[in-house]
Amino acid sequence: MDCAMRTTLRLARTTTTATALPTRRALTTSTSRLQSNSTYTPQRRAPYTPCASSSHSARPAIPTDQASKLGASPTITRSPTSAPRQPPVPTERQTLANPPQDPILDISQSGLSDAPSTRPQAEEQQVDWTTSFSGLSSQAFSKEAADILLAPLETDDIEIKPDGILYLPEIKYRRILNRAFGPGGWGLAPRGETIVTAKAVTREYALVANGRLVSIARGEQDYFDSDGIPTATEGCKSNALMRCCKDLGVASELWDPRFIRKFMAQHSKEMWVEHVVSKKKKKITMRKDDEPKYPFKESKAGY
């Protein structure tokens, strides 16, 4: 009996010892790990200090092994952006092949820079017609010149605008002046620069004949597009010539109300016309020996 109990106690002790051994080993391993972790001190991240030499500074890089221990991703250091490239210096050959050009200006906004020159002139050209009134009313023209200037207009030379205004074509003013003073014996001198507005061109001119001032007038001409400004400047000059010729008595009948009424009664007619494209109708005035011109055609009714 005693032997059997002793044997049973030995078996129980052996089983307890075998069961407790792995538990002791696990406790020993955990204790050693805690001791090793208590001795490790993580490094702190360095404070951010911007670099004064470059505007594209980056944070100081943390070593990869320390970043993995701290649980942070490693920082990538970026180099500053390089300076932009400068354009190549043009060579002499390129400069000769492509010479610099002045910018094209919009003359409808800036106007024309054509003011008369103010530089001193030679001794034989002392008269500056941009400011001078030399010879004005100093002497009458010869009888032959006066007869040509004051001659009555031919009926066939007078034209009628669609609004009923009488006029003499500008080329016929020039023909009268050429017969009176001869080609080269008269001229128009600009008295100022050309003024370009949003819809019109204007400039002042002086009519000079036989070396003396005759008259001063300002011409004007409308335009509808900036491309038509050069043509408008020529029309402005012709308009000034027509106005200057009034002081010489050329075509003075066209400003006489009685002559205008008599001429309109004898040589004018009113007619309804239709625009070929838009089909719009209006009443116009023309000479009796004229017919409506394209894009208008005669219409039988005014509605």
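Atom set for the values below is all heavy atoms of this structure, side chains included, hydrogens, waters and symmetry mates excluded.
- Going from atom CG of L177 over to atom CD1 of I148 covers 10.5 Å, rounded to the nearest 0.5 Å.
- Every salt bridge (Lys or Arg N to Asp or Glu O under 4.0 Å) that E270 has, sequence neighbours left out, goes to K283.
- Among residues two or more places apart in sequence or in another chain, the side chain to side chain contact (heavy atoms under 4.5 Å, CB included) test is passed with Y167 by E159, K161, P169.
- Taking both residues in full, the closest heavy atoms of G219 and C236 are given as O-SG, 3.1 Å, listed atom of the first, atom of the second, then distance.
- Applying the side chain to side chain donor-acceptor pair (under 3.5 Å) test to every pair with at least one member in residues 175-185, sequence neighbours left out, gives these pairs: N178-W186.
- The SG atom of C244 lies 8.5 Å from the CG atom of L213; values are rounded to the nearest 0.5 Å.
- Listed by chain and number, the residues in a ring pair (Phe, Tyr, Trp, His ring centres under 6.0 Å) with Y173 amount to none (sequence neighbours excluded).
- A search for salt bridge (Lys or Arg N to Asp or Glu O under 4.0 Å) contacts involving K237 returns nothing, not counting sequence neighbours.
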Could you walk me through whether E170 and M242 pass side chain to side chain contact (heavy atoms under 4.5 Å, CB included), step by step? CA-CA 7 Å; E170 55 85 17; M242 177 194 68; over 6 Å; no

Pair L136-R212, side chain to side chain contact (heavy atoms under 4.5 Å, CB included): steps then yes or no: CA-CA 6 Å; L136 182 64; R212 50 199 175 104; over 6 Å; no

Could you go through L254 and L168, starting from their C-alpha distance and side-chain angles, then the distance that decides it, and tell me whether this counts as side chain to side chain contact (heavy atoms under 4.5 Å, CB included)? CA-CA 8 Å; L254 302 182; L168 186 69; 3.8 Å; yes

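- Residues satisfying the side chain to side chain contact (heavy atoms under 4.5 Å, CB included) test with D247, not counting sequence neighbours, are S215.
- Every pair passing side chain to side chain donor-acceptor pair (under 3.5 Å) that includes a residue from residues 131-145 is listed here, sequence neighbours excluded: K143-D147.
- Residues meeting the salt bridge (Lys or Arg N to Asp or Glu O under 4.0 Å) test with E220, sequence neighbours left out: R243.
- Here the side chains of V127 and F133 are not in contact, with every heavy-atom distance at 4.5 Å or above.
- The heavy-atom pair separating S268 from T285 by the smallest distance is CB-CG2, 4.2 Å.
- Although no hydrogens or angles enter the test, the distance criterion places no donor-acceptor pair under 3.5 Å between the side chain of R218 and the main chain of A240.
- Here CD of E204 is found 10.5 Å from OG1 of T130. Values are rounded to the nearest 0.5 Å.
- Within the structure, no pair that satisfies the side chain to side chain donor-acceptor pair (under 3.5 Å) test touches residues 249-266, not counting sequence neighbours.
- Both the sub-6.0 Å distance and the 45° axial angle are not jointly satisfied by R287 relative to the ring of F263.
- The environment of K297 atom NZ is sparse: at most 12 non-hydrogen atoms of other residues, nucleotides or ligands sit within 6.0 angstrom.
- Between I229 and V196, some side-chain heavy-atom pair lies under the 4.5 Å cut-off.
- Clustering of Ile, Leu, Val, Met, Phe, Trp and Tyr by side-chain heavy atoms under 4.5 Å joins I165 with none of the others.
- Taking all atoms of both residues into account, the shortest heavy-atom contact from Y223 to G228 is CB-O, 4.3 Å.
- When all heavy atoms are compared, the tightest approach of G249 to L150 is CA-CD2, 3.8 Å.
- Residue F296 shares its hydrophobic cluster (ILVMFWY side chains chained together at separations under 4.5 Å) with M271, V273, I284, M286.
- For T194 (side chain) and R203 (main-chain N/O), no donor-acceptor pair under 3.5 Å exists by modelled atom type.
- V208 and V250 are members of different hydrophobic clusters when ILVMFWY side chains are connected at heavy-atom separations under 4.5 Å.
- Remark: D157 pairs with K172 by the salt bridge (Lys or Arg N to Asp or Glu O under 4.0 Å) rule, at least two apart or across chains.
- Distance alone, capped at 3.5 Å, is enough to place a donor-acceptor pair between the R191 side chain and the W129 backbone.
- When the shell of 6.0 Å around NZ of K280 is examined, it contains 12 or fewer heavy atoms from other residues, nucleotides or ligands.
- Atom OH of Y205 and atom CG of L241 lie 10.5 Å apart (nearest 0.5 Å).
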Could you walk me through whether L188 and L207 pass the side chain to side chain contact (heavy atoms under 4.5 Å, CB included) test, one step at a time? CA-CA 5 Å; L188 282 176; L207 176 60; 4.2 Å; yes

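- Proximity of D289 to H267: side-chain heavy atoms (C-beta onward) are nowhere separated by under 4.5 Å.
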